[in-house]
Amino acid sequence: MIKEGQFTFIAGRGDVVPYQGKYAAKRADVFDVIERRFAAAGLQDVKYRPLRLELEITTKCNDTCRSCGMGALPLAQGITMTPQQRARLVDEFDAIGLPSAAVTGGEPFVALHSLLPLIKALRGRGIDISKLTTNGVWGNPGRMERTFAKLEQAGLFDNTLFVPLIMLSVGEQTTPLEWVAAILHHAVTHYTDRELNLALSSLDDPGRREHTRLYELLRVYETAYGDFPHDRVHSTMRVYLNNERLPEQHKAERPGHTSVKRWMNRCFDCFAPTVGTYILPSGLIKQDGRVYACASFDVPESLGFGNIFTDGLRTIIERANSDDYLRLIADGGGLKGLHGSVPADFTEQTSCGGFCASCTLLSGKYREVNGLPDAVPLPVIPEQTLLARLRTAGMAGK
């Protein structure tokens, strides 16, 4: 498979080569086009402007992975965005000149009745769908080809800036690997790498450091179809994240004692405009509308800046840009920008298991040393209250 991390293009640091990378740009002037979009929206001089927002369209999932980093809920318990919420999202995205959105869950394809209209609406405003994350539940023989046809009809393949990516997640999922293999095979035999990119997200328990299901998938594919298309599939090797939405979740125990300082020094500049390996800066919108200036699913609450359904995205971006902690990271090229603002003895003597965990620790320490109150989780606004506000704002019939 294509190793993650290849073909990273950062604005102002060389030319963009089209059709290179997991999140490949379709044109060499992609940053110029994006800049014009932001300028038209009045955001030309704003530091944090997301190039992509990761959207949790539903919390429903057909599976029950014990270590789900996304905090997905069973089908009977999860909630999917309403038509009114989707309409508001599209208007908000359009108003700030957002170049692209990614859709995740839960499992987006158990909410196909919401996913397809959202794709169509976004493309109707010229907003690319850069990624769909899925466990492959739609890969069964009676559904897979019809679903690809519906994605085409909705406009997934009409992107203008980025090659769309289907991210297939394998790990603890119980979706038959035959279905995942079928999706991969159909994709590589019906679409070129200029039309569709593919990635496998292999998520395993970090205590074992093994991606067992990934290798099982390779064997399943080769038994059914022959050689695995390593030249078309990008890798995304990850470990599970703990999620606040699942109190009984199996917590990930990460071996080793890596210092916060080391994580800081190795942190990628996630606020530099970037395409190829990633599309950055990014943000996360949870199903209930809460917005975070980071697309990690265990993002610190200090990076939550409001609810898109009650505050509006422009207001949320303004709040994010006025946040001192976020500004230090953005100006300093990642978490390393916090050196000097967080005591060195803390960063040297405190250990954790990853970049996201170090950000949480750093955020808490930063607030402590600066006499700031603890970060308060964004309030979860009841569904009926949100709908009532959307109707008052004239969104009920859209």
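Residues V291 and M81 are members of one and the same hydrophobic cluster, defined by side-chain heavy-atom contacts under 4.5 angstrom among Ile, Leu, Val, Met, Phe, Trp and Tyr. F109 and I79 are assigned to two separate hydrophobic clusters, defined by single-linkage of ILVMFWY side chains at heavy-atom distances under 4.5 Å. Cluster annotation: L303 and W263 are assigned to distinct hydrophobic clusters (Ile/Leu/Val/Met/Phe/Trp/Tyr, side-chain heavy-atom contacts under 4.5 Å, transitive). Linking Ile, Leu, Val, Met, Phe, Trp and Tyr residues whenever their side-chain heavy atoms come within less than 4.5 Å leaves L168 and I2 in two separate clusters. In the hydrophobic cluster analysis, where Ile, Leu, Val, Met, Phe, Trp and Tyr join through side-chain heavy atoms closer than 4.5 angstrom, Y48 is grouped together with F93.
Taken to the nearest 0.5 Å, the CG atom of L132 stands 8.0 Å off from the CH2 atom of W138. How far CD1 of I57 is from CD1 of I119: 8.0 Å, rounded to the nearest 0.5 Å. Taking NZ of K26 as the start and CD of E195 as the end, the distance is 8.0 Å to the nearest 0.5 Å. Separating the CG atom in L51 from the CG atom in L98 is a distance of 8.0 Å, to the nearest 0.5 Å. Atoms OG1 and CG, on T147 and L115 in that order, are 10.0 Å from each other to the nearest 0.5 Å. Rounded to the nearest 0.5 angstrom, R86 CZ and S114 OG are separated by 4.0 Å.
Inter-residue side-chain proximity for L55 and L118 is flagged as met; some heavy-atom pair is nearer than 4.5 Å. Considering only heavy atoms from C-beta on, V17 stays 4.5 Å or farther from F7 through its side chain. Taking 4.5 Å as the limit, some side-chain heavy atom of F228 sits within range of a side-chain heavy atom of V233. Residues F9 and Q20 form a side-chain contact, since some pair of their non-hydrogen atoms from C-beta on lies under 4.5 Å apart. Put simply, the side chain of L335 reaches to within 4.5 Å of the side chain of C359, judged on heavy atoms. Two residues are said to be in side-chain contact when any heavy atoms from C-beta on lie closer than 4.5 Å; E318 and V46 fail this criterion. Side-chain contact between N307 and L378 is absent, with no heavy-atom pair separated by less than 4.5 Å. Looking at L43 and R314, their side chains come closer than 4.5 Å, going by heavy atoms from C-beta outward.
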Working for side-chain hydrogen bond (donor to acceptor under 3.5 Å, both in side chains), residues K22 and T236 = CA-CA 10 Å; K22 185 168 66 176; T236 301; 2.8 Å; yes

Starting from the C-alpha separation in whole Å, work towards a yes-or-no answer on side chain to side chain contact (heavy atoms under 4.5 Å, CB included) for Y221 and L184.
-> CA-CA 9 Å; Y221 187 99; L184 288 171; 4.0 Å; yes

For side chain to side chain contact (heavy atoms under 4.5 Å, CB included), just list the numbers for M167 and H234, CA-CA rounded to whole Å, side-chain angles, deciding distance to a tenth of an Å, and then say yes or no.
-> CA-CA 9 Å; M167 174 79 75; H234 296 259; over 6 Å; no

Should N62 and N135 be marked as a side chain to side chain contact (heavy atoms under 4.5 Å, CB included) after you check the CA-CA gap, both sets of side-chain angles, and the distance that decides it?
-> CA-CA 9 Å; N62 58 294; N135 62 24; 3.0 Å; yes

Audit row: D269, K336, salt bridge (charged side-chain N to carboxylate O under 4.0 Å, His left out) steps and yes/no | CA-CA 9 Å; D269 185 355; K336 62 181 74 71; over 6 Å; no

Can you list the steps and then say if D345 with T350 is a side chain to side chain contact (heavy atoms under 4.5 Å, CB included)?
-> CA-CA 8 Å; D345 58 349; T350 306; over 6 Å; no

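A donor-acceptor pair is defined here as one N or O able to donate and one able to accept, closer than 3.5 Å; no such pair exists between the side chain of D29 and the backbone of D32. Of the possible donor and acceptor atoms, none in the side chain of N370 sits under 3.5 Å from a partner among the backbone N and O of L372. A donor-acceptor contact shorter than 3.5 Å is absent between the side chain of K120 and the backbone of A154. Remark: side-chain polar atoms of T274 are not paired, donor with acceptor, to backbone N or O of I279 under 3.5 angstrom. Between the T258 side chain and the C352 main chain, no donor and acceptor come within less than 3.5 Å of each other. Proximity of a side-chain donor or acceptor of S358 to a complementary backbone N or O of F355 within less than 3.5 Å is detected. Side-chain atoms of R213 do not come within 3.5 Å of backbone N or O of V170 as any donor-acceptor pair. R123 contributes a side-chain N or O that, together with a main-chain N or O of D158, makes up a donor-acceptor pair within less than 3.5 Å. Here the side chain of S259 pairs no donor or acceptor atom with the backbone of S351 at under 3.5 angstrom. Between the side chain of N159 and the main chain of I129, a donor-acceptor pair closer than 3.5 Å is present.
Taking the six-membered ring wherever Trp is involved, the centroid distance between the rings of H190 and F148 does not fall below 6.0 Å. Remark: aromatic rings of F162 and Y23 are distant, center separation not under 6.0 Å.
At a threshold of 4.0 Å, the pair D128-R52 does not count as salt-bridged, since none of the basic side-chain nitrogens sits closer than that to a carboxylate oxygen. Remark: R319 engages D311 in a salt bridge, criterion side-chain N to carboxylate O under 4.0 Å. Looking at K286 and E56, no side-chain N of the basic residue comes within less than 4.0 Å of a carboxylate O on the acidic one, giving no salt bridge.
Applying the 6.0 Å contact sphere to CG of D227 captures no more than 12 heavy atoms from other residues, nucleotides or ligands. In the displayed structure, K60 atom NZ is contacted under 6.0 Å by more than 12 heavy atoms of other residues, nucleotides or ligands. In D331, the CG atom is crowded: over 12 heavy atoms of neighbouring residues, nucleotides or ligands sit closer than 6.0 Å.
Heavy atoms only, all atoms of each residue included: Y325 and S363 are closest at OH-N, 3.4 Å. The shortest heavy-atom contact between V380 and R290 is CG2-CZ, 4.0 Å. Contact record, R27 with T160: CD-O, 3.9 Å, taken as the closest heavy-atom pair. Nearest heavy-atom pair, L112 versus K150, reported as atom, atom and distance to 0.1 Å: CD2-CD, 4.2 Å. Of all the heavy atoms in T360 and P300, the pair that sits closest is OG1-CG, 3.4 Å. Residue G306 comes nearest to I316 through the heavy atom pair C-CD1, 3.7 Å, listed as atom of the first residue, atom of the second, then distance.
For the salt bridge (charged side-chain N to carboxylate O under 4.0 Å, His left out) test, residues two or more places apart in sequence or in another chain that qualify with D324 are R327.
Judged by a 6.0 Å distance limit and a 45° cone about the ring axis, R88 is not positioned over the six-membered ring of F309.
For T134 and E107, the side-chain atoms include at least one donor-acceptor pair closer than 3.5 Å.
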